Amino acid sequence: MLRLKNLTKTYKTGDKALTNIGLEVPSGQVLALIGPSGAGKSTLIRCINRLVEPTGGEVWLDDLELTKLGSAGLRKARRSMGMIFQEYALVERLTVMENVLSGRLGYVGFWRSFLRRYPQSDVDEAFRLLDRVGLLHMADKRADELSGGQRQRVGICRALIQNPKLLLVDEPTASLDPKTSRQIMRLITELCRERGLAAIINIHDVALAQMFVPRVVGLRSGEIVYDGPPTGLSPDKLTEIYGEEDWEATIEAAEDDDEIEAAE
Ligand SMILES: Nc1ncnc2c1ncn2[C@@H]1O[C@H](COP(=O)(O)OP(=O)(O)O)[C@@H](O)[C@H]1O
Ligand SMILES: [Mg+2]
């Protein structure tokens with residue numbers, strides 16, 4: 001169980017990104033955090049693993065208060081939180097396999113990983129994960145030879161090889177075309193289900209969120225303005241979250257895509 005209590009973040013510039021956020025995510029639950037650009041989605045998930053230091057409030061993962069930890073404790077706690085990024089954050093000149101194994105850095109000591117001596121059990125698990133995401137045949141390719149969708153699959157494997165209990169996912173599909181976006185969302189949510197993983201998936205695209213998760217949290221200007229099932233997102237609610245942005249057009253576009261896909 002992840003618990004945020006009165007989580008607040010004001011950046012040094014004076015930007016108030018989050019105000020008194022309260023949120024509970026039970027073990028194994030996958031939720032989508034939606035909201036317009038600048039709403040505070042990235043700040044929220046980064047405050048959880050303290051890539052961004054909160055200015056107030058508490059973050060609890062099970063019985064551990066993450067906001068109280070010193071650097072050694074935090075390093076250890078971060079093992080249980082996998083992260084997936086919009087821009088994949090792969091090391092371009094390394095192979096797919098090496099990128100996946102780098103997810104074990106929190107466990108394997110620096111020198112061992114520097115010398116690329118990962119335990120055989122890690123290598124075996126990397127092969128299993130690559131097989132699961134359909135990239136076994138790409139294990140020896142360099143990351144810079146991959147398509148966007150393939151890169152994100154590597155990003156997913158790198159997060160999962162950490163054996164986390166929580167996945168923090170920041171706009172995983174923002175750099176992908178609509179069809180690949182759906183495949184990646186399906187893959188992430190399926191893997192969470194298979195492994196009993198909780199996840200917070202930041203996603204700008206309402207339609208994609210609605211397709212794949214049972215719970216949606218809507219953020220606007222650093223405050224939660226919706227928390228419930230995707231079916232509860234009425235047009236009024238969406239306007240409250242997104243303001244005057246044309247969310248209706250994005251939903252219609254996604255429906256058109258689905259019809260095309262169904263016809264293929
Ligand atoms: N490093 C930073 N320094 C100052 N302000 C920031 C920083 N990162 C984000 N912000 C501000 O915090 C607010 C929330 O940003 P962000 O968390 O990136 O939102 P989102 O991910 O929903 O687009 C915005 O007003 C943004 O300008
Ligand atoms: Mg963001």
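Start at 1 and go down the list; that is how both ligands and their atoms are numbered. Note that this is a predicted model, so its numbers are computed, not measured.
In this structure, atom 19 (O) of ligand 1 lies nearest to the protein heavy atom Gly40 N, 3.1 Å. Taking atom 25 (O) of ligand 1 as the reference point, the nearest protein heavy-atom neighbour is Asp15 OD1, 3.8 Å. Protein heavy atom nearest atom 1 (N) of ligand 1, with residue, atom name and distance: Tyr11 CE2, 3.7 Å.
Ion pairing between a basic and an acidic side chain is recognised when a charged N comes within 4.0 Å of a carboxylate O; Lys237 and Glu240 show such pairing. A salt bridge between Arg3 and Glu58 is absent, with no side-chain N of the basic residue lying under 4.0 Å from a carboxylate O of the acidic one. Using a 4.0 Å cut-off between charged side-chain N and carboxylate O, Glu125 and Arg132 make no salt bridge.
For atom 9 (C) of ligand 1, the nearest protein heavy atom lies under 4.0 Å away.
Close to ligand 1: Pro36, with a non-hydrogen atom less than 4.0 angstrom away.
Which of Gly222, Gly35, Ser42 comes nearest to atom 21 (O) of ligand 1 through a heavy atom is settled by distance: it is Ser42. Distances from atom 4 (C) of ligand 1 to the heavy atoms of Thr10, Asn202, Leu18, Thr13 show the closest one on Thr13.
Thr180 and Asp177 share a donor-acceptor pair across their side chains, judged by distance under 3.5 Å alone. In this structure, a donor-acceptor pair under 3.5 Å is present between the side chains of Ser42 and Asp170.
In this view, Glu223 satisfies the salt bridge (charged side-chain N to carboxylate O under 4.0 Å, His left out) rule with no residue, not counting sequence neighbours. The salt bridge (charged side-chain N to carboxylate O under 4.0 Å, His left out) check on Arg142 picks up Asp144, with sequence neighbours excluded. Looking at residues two or more places apart in sequence or on another chain, you find a side chain to side chain donor-acceptor pair (under 3.5 Å) between Thr13 and Asp15.
When only interatomic distances are considered, the shortest N/O to N/O separation between Gly38 and ligand 1 falls below 3.5 Å.
When heavy-atom distances to ligand 1 are checked against a 4.0 Å cut-off, Thr43 comes that close through both its backbone and its side chain.
Around the Mg ion (ligand 2), the protein N, O or S atoms closer than 2.8 Å are Ser42 OG, listed by chain and residue number.
The environment of NZ in Lys141 is sparse: at most 12 heavy-atom neighbours from other residues, nucleotides or ligands sit within 6.0 Å.
Heavy-atom proximity to Ala17, at under 4.0 Å, picks out these atoms of ligand 1: 12 (O), 13 (C), 14 (C).
Hydrophobic clustering, with ILVMFWY side chains joined whenever heavy atoms are under 4.5 angstrom apart, keeps Ile188 apart from Ile48.
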Between Thr55 and Tyr11, is the side chain to side chain contact (heavy atoms under 4.5 Å, CB included) condition met? List the steps.
CA-CA 8 Å; Thr55 42; Tyr11 284 102; over 6 Å; no
